Each structure stands twice: as C-alpha cells, then as structure tokens.
Amino acid sequence: MTLLAYRAPADARATGATPGSTPGLTADPAAPAGETAPAPRLTTTVAKEYVHRACHAEVFLTGSEQLNETTFTVSAQWPRAHTFFSTPDGTHHDPLQAAETIRQAGIYLAHTRFGVPLDHKFMMWNLDYTTRPRHLFIGSTPTDLTIEVRLVPRARRTGSTVDFTLNTILRRGPQPAAAGHARFTTVPDSTYRRLRGARREADRAPAPAVTTEPLPPGRVGRLRPCDVVLTPADTPATWHLTPDLRHPILFDHANDHIPGMVLLEAARQAANALVSPTTVTPASAATTYHRYAEHDAPTTITARHTPGPDQDAITTTVSGYQHGEPIFTTVLTGHADGH
C-alpha cells in the first residue's frame, strides 16, 4: 500500500532535477569532446519550505534518496555551534536536535516524495527519540548524518488525507547516534480551516500574563534567560508555560498554536527543574500530543519521577494541560550530567 504515487515537486519537474540534486551541472568543459564528466556532488540544505522552517539556518536536511516504495536515505548536517541545540558546556549536540531532525525528515519526505502539497497542514501525534550521547559530541567539523527512514502508511480516512508513521535511524558514519519514531496526519488547508474554525484566523496572542519571574536558566538546563519557557506556579512540581513568542528558533514561523517542539522543550526544562540543582540531559523521550496547545489559554506543566528500565537513570513524566484537559505527555530518561 502506498501513501500517494510519487510526484516530483514543481521545482524539480521544471529543471529535470530530482529533489536534493543540483541542476545545471552536467558537463565538464575540460572533458574531451563527446564525453561528459560526472556532475560534481555539491551539498546544500533542502528548501526550507519542505521542512516548514522560515530560516535557512534552521534547516538540517541536505538531500534524500529513495531506496524502494517506503524506504529512504536522508542526509543531514548539524552545525558545530548552534545557539539552542547544544549542551550548556558546548561539547555535545542537544538530544532534542535529533527530535527536530526526525520531525523535518517526515515533513520533507511527505512533500518531496509523496507529493503532499505545500499548503497542506501537518498534525503530529507522536514524536519519540533515543540517542547515544557518546556519539553526539561536537567535533572539529560539522556533524554529517545519514538517516535511514521507513514510512509506514496507515488507513486513509479520505482521499486527500495522509496518515503515516516514520521510523528512523540516524547514523554518524557507521555508528548509530539516534533512532526515532513519529506519526503525522496531513490535511488540505480547507479541511484544517474547518477543524480550527476561528482559531485559524486568530492572532498569535499570548496567554494572560503571569506575574512571577521565569525560572533561572541554570535550573532548567539552559544558559540564556531568553530560552527559558517555564515560570513557577503555586503548586510544587508545577509551572506555567511562558515562552517568548519572539524566540527565533522555538517560534521560527507564525503558527496558530504552540508548536510541538516548544512543548518538548518545556518537558525537558520541567525534568531539570524537578531535580535542580542537579541537571539532566534527556537522552531519550517519548511524546504523545493529545490536542492543540492554544496561544491564548494558560498552560500548566507538571512533572513527576516515574520508574524506568534503567535504574541508574532519571525518568520523568511531564504533562501539559489547558483548561484541565491534557495537551501532551512526555516521558524523558537521562543521566545526571557528570555521571
């Protein structure tokens, strides 16, 4: 069963190129007459529109190759210095960068390999990742990754709706650095407008102001105050979600709801706040998104320690609520930094 018949995107059809290739580089003028030299393999990021990013610097994918009907190889690169996706000591890539890369891979393949139009909307239901921290070190060059991807289609509800899961392995050279799973549903913009109603047209207004100060960066595993998304609440192990809507990475582009990656970051910060002054880097996390997180509704974040498979690790279950209804649940596992 296929999701949709393959259809090259418009820019590739116009140039005769395949997604991720570089058009116009087919002949070497220095080659003997009648011979064509192999085109040089140049590297660039994929179009930012294919991963739903506004800034080119936040695009981590560099190309893809289709192996069979549902299996792909995607290439990616992580920069040595990233203002958000690096550990506080600057020595390792943040595990949440693996989650963002998995998210980008799912959206990119849906657009470029399965012909999902760029104006269709994506709903993310699950986003799980597991990393091997020893393979996330920042070296003397950018980190090049090869991502093995398998897309598994689910039963369609309508002819214009695509529902699929994404299973990935991120390799750094021969070594597996991370693995992940995600589930998406794509719908036409007209369907999305009916689902969202007035919310779709609403301004990105913040929730009612919280009068207390955000948590100190050191309590949530961050260095910069602008990266903190939590403010203390009156109940222990409970916080208000108060991200800066101008944050250039968490809110890279306008959206009519709080993005799933913001909620995942809130979960990581809550796990750290719970164990402060100890800090923990979540090597793995499993997230379920229950419903949209609205901008204009107060969001409460709660955290509690829960048993995990690794007795030496810290496992934390974090949930978010609006109007008493759950919006997401994340189970994070990691070791205290320095252990």
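Any value given below was found using the heavy atoms of this structure, including those in side chains, with hydrogens, waters and symmetry copies removed. Since we're looking at a predicted model, the values are computed, not measured.
For Arg246 and Phe251, the positive end is not near the middle of the six-membered ring at less than 6.0 Å and at most 45° from its axis.
Between Asp144 and Arg172 there is no salt bridge, since no side-chain N of the basic residue sits under 4.0 Å from a carboxylate O of the acidic one. The pair Arg150-Glu69 does not meet the salt-bridge criterion, since no charged nitrogen lies less than 4.0 angstrom from a carboxylate oxygen.
Between Phe114 and Phe72, the ring-plane angle classifies as perpendicular under the 30° and 60° cut-offs. Taking the six-membered ring where tryptophan is involved, the planes of Phe164 and Phe122 are perpendicular, since the angle between them exceeds 60° and thus also 30°.
Ring centroid separation for the pair His135 and His92 does not come in under the 6.0 Å cut-off.
Taking the ring pair (Phe, Tyr, Trp, His ring centres under 6.0 Å) definition, one finds that His240 meets it with nothing, sequence neighbours left out. The side chain to side chain donor-acceptor pair (under 3.5 Å) check on Thr238 picks up nothing, with sequence neighbours excluded. For Thr287, the side chain to side chain donor-acceptor pair (under 3.5 Å) partners are Thr330, not counting sequence neighbours. With sequence neighbours excluded, the residues forming a side chain to side chain donor-acceptor pair (under 3.5 Å) with Asn68 are Thr71, listed by chain and number. Under the ring pair (Phe, Tyr, Trp, His ring centres under 6.0 Å) criterion, His82 pairs with Phe60, Phe85, sequence neighbours left out. In this structure, Arg304 has no side chain to side chain donor-acceptor pair (under 3.5 Å) partners at least two apart in sequence or on a different chain. With sequence neighbours excluded, no residue satisfies ring pair (Phe, Tyr, Trp, His ring centres under 6.0 Å) with Tyr321. Taking Ser140 as the reference, nothing meets the side chain to side chain contact (heavy atoms under 4.5 Å, CB included) condition, with sequence neighbours excluded.
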Return a table of donor-acceptor pairs under 3.5 angstrom between the side chains of residues 312-319 and protein atoms on other chains or two or more places apart.
unit_1: Thr315; atom_1: OG1; unit_2: Thr333; atom_2: OG1; d: 3.2
unit_1: Thr317; atom_1: OG1; unit_2: Thr306; atom_2: OG1; d: 3.1

N/O donor to acceptor pairs below 3.5 angstrom from side-chain atoms of residues 228-236, sequence neighbours left out:
unit_1: Thr231; atom_1: OG1; unit_2: Thr242; atom_2: OG1; d: 2.6

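Within the structure, every pair that satisfies the side chain to side chain donor-acceptor pair (under 3.5 Å) test and touches residues 217-227, not counting sequence neighbours, is listed here: Arg222-Glu265, Arg224-Asp227, Asp227-His247. Sorted pairs that involve residues 272-287 and meet salt bridge (charged side-chain N to carboxylate O under 4.0 Å, His left out), not counting sequence neighbours, are lacking altogether.
Taking 4.5 Å as the limit, some side-chain heavy atom of Arg268 sits within range of a side-chain heavy atom of Asp94. His290 is not listed as a side-chain neighbour of Glu325, based on a closest heavy-atom distance of 4.5 Å or more. Taking the side chain as every heavy atom from C-beta outward, Ser64 and Arg113 approach each other to under 4.5 Å.
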